[in-house]
Amino acid sequence: MAGTIQSLILTPPSIVTSPFPCRKTCCLFSRSLRINPPRRSISTLFISRKPSDEIHGSDLANGLNWTKPLMNFASNNFLPLALTSGVAFGLVNPTLGCLADKCNLSKFSTFGIFVVSGLTLRSDAIGAAVKAWPVGLFGLCSILFFTPYFSRIILLIPLQPQEFVTGLAIFSCMPTTLSSAVALTQLAGGNSALALAMTVLSNLLGILIIPFSISKFIAVGVGVYVPTAQLLKSLVLTLLVPLILGKVLRESSRGLANFVDHNRRLFSKINAVFLSLVPWMQVSRSRSLLMMVKPAAFIVAIGMGMLLHLGLLAFNALAIRSLSAVSGGHKSIFSKKENAQAALLVASQKTLPVMVAVVQQLGGAFGESGLLVLPCVAAHLIQIVLDSFLANFWLRKELSSNTAKVA
């Protein structure tokens, strides 16, 4: 009995010791290890990663969608951004700007500005504006003879440093902008040919008249004699000669003219870069003086620049309306919306590059150049911003009017 019990205890069960069931069980278990888990892991991995990929893709798309409006804004506002960047760089690190000023880079930039301006001037625009010559004549008189009187009012404002006031007074004696007014006139749907004709003629005649305007309106008020003949000669060499050179290059090559016309935005940006170099060097050279200016004084100077442009807009708008009333009412050539818009925008803006060239030729006779130019940079930006809102208002009004007519 004891032997039997012992044999039963020591003998393994037949289920465990049988080779066939063991082989079958191991095979099934082995297959399950090799096949089933990988299928589950791949499926699980695919499902778990797919939403993550979609998230990353959506993040990339959102990033592109965010940068696109920013790039469009930078492209559409390249000139204001270039000018403010030049001033900011000059204030932060003046070393490079001072070096560029010693190398006379300002003369090169001024030369480049007017060469590009000559390249972009179209001859047919002057001929197309002949019909609106009375409006153009008023615009020229306003730019060169009427609006310089605003300098007398500006010089009455007590502000330190005095260069801020003098700079804005010089700025009011300048001709109209070389490109901004024409571009805004085109945007608003105005007579761009008339705007371009007034721009060209006012800048050409302004070179002859500016020295006399400064002598009459500003030099007496600050007790400084202006060498008119020398200034006239310098302006002709630095402004008129490169402008004519650019125009001659345009007319001598049809291929070049077509290239310029198809890439006007590119050339406007090149002009903006040239223009931004000037305040950059001026501010860099005068940084030590600018740091001594109280922020309140600079804010007041900016406000003066804004009031100057609003005053010019109000004066020209009132003059155009009065001329329209005395010359035939709604049938007058002054009452045509396209002509009125062109005259208002062109006659109310003042050009910065010519002002900078004048200040450079004066050689510090009216004070530190950087202090003279800085408030005018702000005034230049302000007039572009304000007039862009005005042109956009006119454009939306025209579009809503056309929509109402169609309906």
Side-chain angles (χ1 to χ4, degrees), residues 79-80 83-84 87 138-181 184 198-199 202-203 206 209-210 213-214 216-222 275 278-279 282 293 295-320 343-359 362 366-367 369-391:
L79 176 59
L83 290 173
T84 52
V87 174
F138 159 75
L140 292 175
C141 292
S142 176
I143 294 168
L144 300 174
F145 300 109
F146 301 152
T147 56
Y149 277 94
F150 280 75
S151 61
R152 291 283 182 88
I153 302 174
I154 295 173
L155 290 173
L156 297 176
I157 301 174
L159 181 65
Q160 293 298 327
Q162 180 64 34
E163 284 89 342
F164 280 3
V165 178
T166 307
L168 287 173
I170 296 174
F171 187 66
S172 66
C173 296
M174 295 299 109
T176 189
T177 54
L178 293 170
S179 58
S180 300
L184 290 172
M198 287 188 291
T199 298
S202 67
N203 278 274
I209 297 174
I210 285 173
S213 298
I214 294 177
K216 178 180 179 180
F217 296 110
I218 301 173
V220 176
V222 297
L275 182 58
V278 177
Q282 295 288 349
V293 177
F298 185 62
I299 293 174
V300 172
I302 293 176
M304 290 169 54
M306 182 180 295
L307 290 176
L308 171 62
H309 185 60
L310 292 176
L312 294 178
L313 284 173
F315 169 77
N316 288 309
L318 181 61
I320 292 171
L344 182 60
L345 290 174
V346 173
S348 301
Q349 289 193 6
K350 297 296 181 177
T351 181
L352 182 61
V354 176
M355 186 269 176
V356 171
V358 170
V359 169
L362 290 172
F366 291 101
S369 300
L371 296 177
L372 291 169
V373 172
L374 188 59
C376 300
V377 173
H380 184 84
L381 295 174
I382 288 170
Q383 68 182 5
I384 293 174
V385 172
L386 292 178
D387 288 352
S388 64
F389 282 111
L390 181 60

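- Going from atom OG1 of Thr199 over to atom CG of Leu140 covers 9.5 Å, rounded to the nearest 0.5 Å.
- Phe150 places none of its side-chain heavy atoms less than 4.5 Å from the side chain of Phe217.
- Rounded to the nearest 0.5 angstrom, Met174 CE and Asn203 CG are separated by 10.5 Å.
- Not a single donor-acceptor pair under 3.5 Å links the side chain of Lys350 to the backbone N or O of Phe171.
- Considering Val359, Leu372, Ile154, Leu159 in turn, Leu372 is the only one that fulfils the side chain to side chain contact (heavy atoms under 4.5 Å, CB included) rule with Thr166.
- Two residues are said to be in side-chain contact when any heavy atoms from C-beta on lie closer than 4.5 Å; Ser142 and Leu312 fail this criterion.
- Counting only distance, with no hydrogens or angles, the side chain of Ser348 and the backbone of Leu345 share no donor-acceptor pair below 3.5 Å.
- Classification of the Phe146-Phe138 ring pair by plane angle, with boundaries at 30° and 60°, yields tilted.
- The shortest non-hydrogen separation linking Ile210 to Cys173 is CG1-O, 4.0 Å.
- Minimum heavy-atom separation, Leu184 to Ile384: CD1-O, 4.3 Å.
- The shortest side-chain heavy-atom distance between Gln383 and Leu308 does not fall under the 4.5 Å cut-off.
- Taking all atoms of both residues into account, the shortest heavy-atom contact from Leu168 to Pro375 is CD2-O, 4.0 Å.
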Give the C-alpha distance, both sets of side-chain angles, the deciding distance and a yes or no for side chain to side chain contact (heavy atoms under 4.5 Å, CB included) between Met198 and Thr176.
CA-CA 8 Å; Met198 287 188 291; Thr176 189; 5.9 Å; no
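- You'll find the side chain of Gln349 reaches within 4.5 Å of the side chain of His309, heavy atoms only.
- Proximity of Leu313 to Asp387: side-chain heavy atoms (C-beta onward) are separated by under 4.5 Å at one or more points.
- Between the side chain of Ser151 and the backbone N or O of Ser172 there is no donor-acceptor pair closer than 3.5 Å.
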Could you check Thr177 against His380 for side chain to side chain contact (heavy atoms under 4.5 Å, CB included), going step by step and ending with a plain yes or no?
CA-CA 9 Å; Thr177 54; His380 184 84; 3.9 Å; yes
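- The minimum heavy-atom distance between Asn316 and Ala347, with the atom names listed, is ND2-O, 3.3 Å.
- One finds the CD1 atom of Ile218 at 5.0 Å from the CD1 atom of Ile170 (value rounded to the nearest 0.5 Å).
- Closest approach of Ser213 and Leu144 over heavy atoms only: OG-O, 4.2 Å.
- Contact record, Ile143 with Thr147: O-OG1, 3.1 Å, taken as the closest heavy-atom pair.
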